[in-house]
Number of protein chains: 2
Amino acid sequence: MSQLPLRSIEAFVVVARAGNLAQAAARLNITVPAVSRRIQILERYLGAKLFDRQPRGLSLTEAGEKYFSELGPAWDCLWKATIAATWSVRRDAFKVSVIPTFAANWLVPRLARSRLRLAGLEVEIETSPDIVDLRERDDLDCAIRLGLGPWPGTVGQRFLPIKAYPVASPDFVARNRLESPADLARQTLIGSGHQPDFWPEWFRHAGIGSGQGRHKSFDNLQLVYEAAAAGLGVAIGLDPLVRPYLESGRLLRLWRDDVTLSRSFHLVRRTDRVESNRFDLFRSWLMGETAVAA
Amino acid sequence: MSQLPLRSIEAFVVVARAGNLAQAAARLNITVPAVSRRIQILERYLGAKLFDRQPRGLSLTEAGEKYFSELGPAWDCLWKATIAATWSVRRDAFKVSVIPTFAANWLVPRLARSRLRLAGLEVEIETSPDIVDLRERDDLDCAIRLGLGPWPGTVGQRFLPIKAYPVASPDFVARNRLESPADLARQTLIGSGHQPDFWPEWFRHAGIGSGQGRHKSFDNLQLVYEAAAAGLGVAIGLDPLVRPYLESGRLLRLWRDDVTLSRSFHLVRRTDRVESNRFDLFRSWLMGETAVAA
DNA sequence: CTTCAGCATGCGTGTCCCTCATGCACCACA
DNA sequence: TGTGGTGCATGAGGGACACGCATGCTGAAG
């Protein structure tokens with residue numbers, strides 16, 4: 001007496017868009033096997049294969065393609081309508097509190113090319129170098145935080161691990177002989193003030209006594225990287241954040257070794273607020289982005 | 001970590017269309033309390049009231065109206081796409097085997113004004129006075145049967161109880177004095193040949209020895225009623241089927257007493273076939289029709 | 001005033017679905 | 001050709017969710 005396998009249909013849409021189960025699972029906030037089963041259920045229900053299982057992910061079959069072309073828009077419409085109906089009063093944007101560096105180097109670029117607005121969600125970013133207490137800011141819907149978690153009054157989940165490695169400007173590298181981590185002792189190390197400094201944790205992993213060189217501190221990571229790019233010294237690069245600098249060539253990674261930090265990025269919301277579909281949508285998008293970024 | 005309450009959204013669409021929980025429950029094939037809860041869940045999730053609970057059923061609030069206006073089409077689209085994707089090969093109609101009288105007096109009129117075709121399901125009716133063995137007819141998707149059930153090789157559910165009462169033409173009533181069931185002994189009783197005759201069961205309930213009058217039999221109920229309308233005698237009217245005759249005035253109900261027969265209409269499908277969404281859709285529609293017809 | 005229709009709620013239970021662990025196929029690289 | 005890695009499928013077990021039943025409640029009709 002089964003009805004439409006709705007959860008399977010949902011999974012189908014997400015998988016079709018993602019192209020692989022891992023990213024879809026992240027978006028759906030369930031595990032890969034669970035997604036796999038959902039797809040199987042739908043395929044059995046329809047009596048048709050929807051995906052070709054290929055060594056590198058899945059791709060839609062002809063039937064799947066056709067089904068998806070009709071289903072996708074309908075699903076978006078459903079989402080959009082549901083978002084719009086949420087506290088129909090609340091036509092305001094979905095506000096997220098983030099540290100400036102993450103906003104500039106990760107969040108904003110991805111938001112720009114996302115489908116979120118199409119899905120009916122307007123996202124507004126508020127940056128703050130310090131951790132904002134969500135309980136005192138009713139206008140904020142959630143926050144993205146860098147640290148160990150949990151934070152009082154919030155629930156959340158880790159969504160992006162951080163790798164760290166020393167970086168410096170090409171010019172700086174050319175002028176100084178930096179052959180092994182031990183050479184760092186003679187250099188100026190640029191750290192962050194507001195955010196906990198990541199040098200100690202890196203030195204610990206690298207097996208060297210904490211850096212003996214001179215230290216410089218800046219309030220925010222953006223300034224840290226800018227300083228390094230200007231040739232002021234060696235900074236500790238946090239992997240997703242520093243990438244734009246590496247890609248543009250303004251900074252170089254000194255050695256291949258990297259360290260996965262204990263701190264990572266977390267998405268948190270207030271414990272005392274009902275989880276809204278706006279939050280669902282945002283998290284879904286966020287998880288999908290990180291899964292693909294791996 | 002909840003996702004969209006899809007089952008609740010489904011329920012919302014169905015309830016919004018039905019206007020009351022009972023009919024919606026029938027369509028969804030679940031109980032009334034279950035539907036009630038689904039709606040509550042959605043309302044909590046959205047943070048908005050969707051229905052005004054009125055003494056006579058529910059009606060959409062303004063917010064609900066708006067939500068439904070966007071959701072309804074999307075939902076239909078989803079259904080349609082899913083139907084279309086079902087064994088993408090099978091573009092043929094959904095074939096139902098029915099007895100002729102039921103087709104003519106109940107099914108066809110309702111099908112005509114239904115949204116089924118809009119939803120993407122083409123229904124084809126095959127009438128047969130005898131019970132067709134579904135196992136021998138691969139082209140049939142399901143059957144509607146009058147009887148006690150179950151039938152070998154099938155699963156199904158009762159969906160329409162039958163009330164029975166004697167009927168005769170206005171002319172016949174004028175010519176003969178028919179004041180109590182006992183008077184039937186002197187009259188010609190018109191029964192059916194193929195279908196089991198319903199007179200005996202009626203007499204048993206009425207507390208009278210089986211009718212002593214002359215009997216006439218016809219192959220199908222349509223002919224039975226036509227014969228009665230022509231003044232040939234008294235027929236036993238089966239409630240949903242004989243109604244068109246009563247409404248047009250061609251037949252009159254003799255007494256207010258009625259009997260609910262042990263036999264009723266059942267919707268059945270083959271046990272050995274996976275329940276398809278086409279069947280789901282058809283059943284959903286059928287259940288909704290009977291709930292409203294009550 | 002009684003009865004009935006129709007929706008809400010408490011409680012117990014069954015079932016579905018998810019997670020974890022493992023297996024398998026394919027590709028890349030040595 | 002072996003080895004590691006990626007990505008999906010499958011088996012077992014458990015937990016949460018949602019359904020059904022019984023009952024209560026409210027407003028209207030007889």
Side-chain angles (χ1 to χ4, degrees), chain A residues 1-12 14-45 49-61 64 157-158 256 274-275 284 287-288 290-294, chain B residues 1-12 14-45 49-61 64 157-158 256 275 287-288 290-294:
Chain A
M1 294 304 166
S2 81
Q3 287 301 102
L4 273 189
L6 294 173
R7 299 246 89 102
S8 295
I9 291 176
E10 175 186 33
F12 170 70
V14 176
V15 172
R17 292 230 168 89
N20 66 75
L21 295 193
Q23 188 181 350
R27 280 212 154 82
L28 294 167
N29 207 31
I30 57 178
T31 60
V32 169
V35 181
S36 173
R37 282 223 173 70
R38 284 193 184 182
I39 299 298
Q40 288 177 50
I41 288 170
L42 183 58
E43 288 184 326
R44 255 203 304 280
Y45 183 79
K49 271 193 59 177
L50 295 170
F51 291 101
D52 281 322
R53 272 68 171 177
Q54 292 173 341
R56 223 68 174 172
L58 324 86
S59 69
L60 286 166
T61 62
Q157 58 187 306
R158 192 167 162 278
R256 301 275 352 136
V274 183
E275 183 167 8
S284 169
M287 295 301 152
T290 62
V292 81
Chain B
M1 294 304 164
S2 79
Q3 286 301 102
L4 273 189
L6 295 173
R7 300 246 88 103
S8 295
I9 291 175
E10 175 185 34
F12 169 70
V14 175
V15 172
R17 291 231 168 87
N20 66 73
L21 295 194
Q23 188 181 349
R27 280 213 154 83
L28 294 166
N29 206 32
I30 57 179
T31 60
V32 170
V35 180
S36 173
R37 282 217 178 73
R38 284 193 183 182
I39 298 298
Q40 289 175 51
I41 288 171
L42 183 58
E43 289 183 325
R44 255 202 305 281
Y45 183 79
K49 270 193 60 176
L50 295 170
F51 290 102
D52 281 322
R53 272 69 173 179
Q54 293 173 341
R56 222 65 172 172
L58 326 85
S59 69
L60 286 165
T61 61
Q157 57 188 307
R158 192 165 160 278
R256 299 270 0 130
E275 183 168 10
M287 294 301 150
T290 62
V292 80

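Here is the naming used below: chain letters follow the sequence lines, and residue numbers restart at 1 for every chain.
Rounded to whole Å, the distance from CZ on A:Arg37 to P on D:dG13 is 14 Å. For the pair A:Leu58 CG and C:dA25 C1', the interatomic distance rounds to 14 Å; values are reported in whole Å. Residue A:Ile39 contributes atom CD1, which lies 15 Å from atom C1' of C:dC17 at whole-angstrom precision. Counting to the nearest Å, the P atom of C:dC16 and the CG atom of A:Leu4 are 16 Å from each other. Following rounding to the nearest Å, A:Asp52 (CG) and C:dA25 (P) show an atom-to-atom distance of 18 Å. Atom-to-atom, CG of A:Leu28 to P of C:dT19 comes out at 10 Å; the value is rounded to the nearest Å. In this entry the distance linking CG of B:Leu6 with P of D:dA18 reads 11 Å, nearest Å. One interatomic measurement links the two molecules: CZ of B:Phe51 to C1' of C:dG6, which rounds to 14 Å at whole-angstrom precision.
With rounding to the nearest 0.5 Å, the separation of CG in B:Leu42 from CG in B:Leu50 is 5.0 Å. Of the inter-residue distances, the one linking A:Thr290 atom OG1 with A:Arg158 atom CZ reads 10.5 Å to the nearest 0.5 angstrom. With values rounded to the nearest 0.5 angstrom, B:Ile41 atom CD1 is found 15.0 Å from B:Phe12 atom CZ. Atoms CG and CZ, from B:Leu60 and B:Phe51 in turn, are 5.0 Å apart once rounded to the nearest 0.5 Å.
Across every non-hydrogen atom of A:Asn29 and A:Gln157, the tightest pair is OD1-OE1, 3.5 Å.
Candidate nucleotides C:dC17, D:dT10, C:dC18 were compared by shortest atom distance to the side chain of A:Gln40, and D:dT10 ranks first. The listed nucleotides are C:dC18, D:dG20, D:dC19; the one nearest the side chain of B:Arg38 is D:dC19. Among D:dA9, C:dT19, D:dG20, the nucleotide with an atom closest to any side-chain atom of B:Ile30 is D:dG20. Here the side chain of A:Pro33 is nearest to one of D:dC8, D:dA9, D:dA22, namely D:dA9.
With hydrogens and angles ignored, no donor-acceptor pair closer than 3.5 Å exists between the side chain of B:Arg53 and the base of D:dG27.
Position along DNA chain C of the nearest nucleotide to A:Arg7 versus B:Ala22 favours B:Ala22 as the more 5'-ward residue. Between A:Val32 and B:Thr31, it is A:Val32 whose nearest contact on DNA chain D lies nearer the 5' terminus.
Shown are A:Gln23, A:Met287, A:Glu10, A:Arg7; of these, the side-chain contact (heavy atoms from CB on, under 4.5 Å) with A:Leu28 is made only by A:Glu10. Among A:Arg37, A:Lys49, A:Arg53, the single residue meeting the salt bridge (charged side-chain N to carboxylate O under 4.0 Å, His left out) criterion with A:Glu43 is A:Arg53.
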Nucleotide N/O to protein N/O under 3.5 Å, stretch nucleotides 28-30 of chain C:
none

